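Beneath this line is the structure, given in structure tokens, with notes to follow.
Chain A is the first sequence line, chain B the second, and so forth, proteins listed ahead of strands; every chain is numbered from 1. Everything quoted here is computed from the prediction, not taken from an experiment.
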2 protein chains.
Amino acid sequence: MASSSQYHHGDLHSTLIDAASSRLEKFGIDGLSLRKLAEDVGVSRTAPYHHFKDKNALLSAIAAKGFEQWHQIAVDIFDNDSIPPEQRLKDFIHAYIGFATEHPQIYELMFGQTLWGEGKASAALRDVAYPSFQYQVKMTKLLQEKKLLPTNQQALRLAQVTWGTLHGIARLIIDGIYADASHIEEMCDCAAALFMQQKNLN
Amino acid sequence: MASSSQYHHGDLHSTLIDAASSRLEKFGIDGLSLRKLAEDVGVSRTAPYHHFKDKNALLSAIAAKGFEQWHQIAVDIFDNDSIPPEQRLKDFIHAYIGFATEHPQIYELMFGQTLWGEGKASAALRDVAYPSFQYQVKMTKLLQEKKLLPTNQQALRLAQVTWGTLHGIARLIIDGIYADASHIEEMCDCAAALFMQQKNLN
DNA sequence: AATGAATCTTGACAGTGTCAATTTAACCCT
DNA sequence: AGGGTTAAATTGACACTGTCAAGATTCATT
């Protein structure tokens, strides 16, 4: 585990993940070359292959870290009983878009075509991505019971659509399509208002 | 313009676009190699460079075709006076998701990171992508006047959020994240219901 | 100390996009 | 009709990429 040795790195596995993460944030997914990465870490071109089956496996590991990180943020917001549910949902929305726009490259990796396209998502990736969604379904049910979200829809369906909304807004902003960063707050508020319209009914 | 000659192709420009489109639909963006494409068309590796500045320029041309196609679909739906506005919006939603899921690769190209990432979208692409959105803003205003969409939001903001919703749903379905093709209809209906909640108010 | 497994190395291969210099054909003008 | 300009297509080359196969080095365990 020491760093004295030259030939054996010691902890290449996690060193690769760290170096790759920082390269990813700087240069994007396409700018992340395994060879340059190996050079960064001071190891030969093929050394990473002893720790990751291929490039996608390394990327998946980074994405996994992202999912865990996001899941923690989501839980922290929804489990905070000192804040009214309505505000929690608003906070959640802002946090989601904030997370996506502050780490656009990682977000792209987590939800982009590189890992998910063509149904090529590994079971491991699915397993780490799913809890966040399941949790959102649960929260959706809860907010429906409190009549903050429409009650005439299945929770699963509604959760898919609300996640879709956040996902779509995040991507439009990240890629600068029909929207830019200066609209973030207003778009979040607009989405929140759309979700919770029936609040004004009672 | 004839096809007798061997050396000069005659109409390589549009031949490339066609061949690239079909290769794109089969193999995806990453599977589209300029060299293989040239071979398909029966021309040397670098011939395409006399018609397109680089790979992205060719991809942009394909995307442009997609935007024009989609814009026409959208206009046809919204301008159909024989159908009540509420139904038109529903049709529009289904058409959007249908377009995206029936041509996933082209949709990915039109709205994906390849062309838009890092703010690298060309002015030409923006020009061809924007009218569709402007049109949707106009339709949003109209539906707000008819009290089918929430009136307490700016049309621009609401259009961004609704487009975001459709965009997000499309991507979740295409990439198989938290949703799959068998949910399409229900998700569209759920989104429509979410947009038009205030209909039940009057 | 020796053996087997884990780890890392160099070498090699098949791809990729794209530039430079060159050849071929088409077009236009006198 | 012929000569010159220009457009179109070609081969060659370069710098990359991910990844496999074989061999070298070190670690861990008996």
Worksheet item: Does a side-chain N-to-carboxylate-O contact under 4.0 Å join B:Arg88 and B:Asp81?
Response: yes
Item to complete: Nearest whole angstrom, please: distance from the P of D:dA8 to the CZ of B:Phe52.
Response: 12 Å
Item to complete: Take the protein atom NE2 of B:His51 and the nucleotide atom C1' of D:dA8, then report the distance between them rounded to whole Å.
Response: 6 Å
Discussion item. Just the rounded figure in Å: distance from C1' of C:dA26 to NE2 of B:His50.
Written reply: 15 Å
Fill in: Partners passing side-chain contact (heavy atoms from CB on, under 4.5 Å) against A:Lys36 (at least two apart in sequence or in another chain)
A:Arg23, A:Ser33
Discussion item. In terms of relative ring orientation, are A:Tyr96 and A:Trp163 parallel, tilted or perpendicular, with 30° and 60° separating the classes?
Written reply: perpendicular
Worksheet item: Can you name the one residue among B:Tyr107, B:Phe133, B:Phe99 that meets ring-ring contact (aromatic ring centres under 6.0 Å, His included) with B:Trp70?
Response: B:Phe99
Worksheet item: Along nucleotides 14-19 of chain D, 5' to 3', which nucleotides get a B, which get an S, and which get a -, given that the test is a protein heavy-atom distance under 4.0 Å?
Response: ---BBB
Worksheet item: Atom CD of A:Glu39 and atom P of C:dT9: how far apart are they, to the nearest Å?
Response: 12 Å
Discussion item. I need the CG-P distance between B:Asp30 and C:dG17, as an integer number of Å.
Written reply: 10 Å
Worksheet item: Hey, mind stepping through B:Arg171 and B:Glu108 against salt bridge (charged side-chain N to carboxylate O under 4.0 Å, His left out) and telling me if it holds?
Response: CA-CA 8 Å; B:Arg171 304 213 64 141; B:Glu108 164 72 25; 2.4 Å; yes
Worksheet item: Would you say the ring centroid of B:His167 lies under 6.0 angstrom from that of A:Tyr178?
Response: no
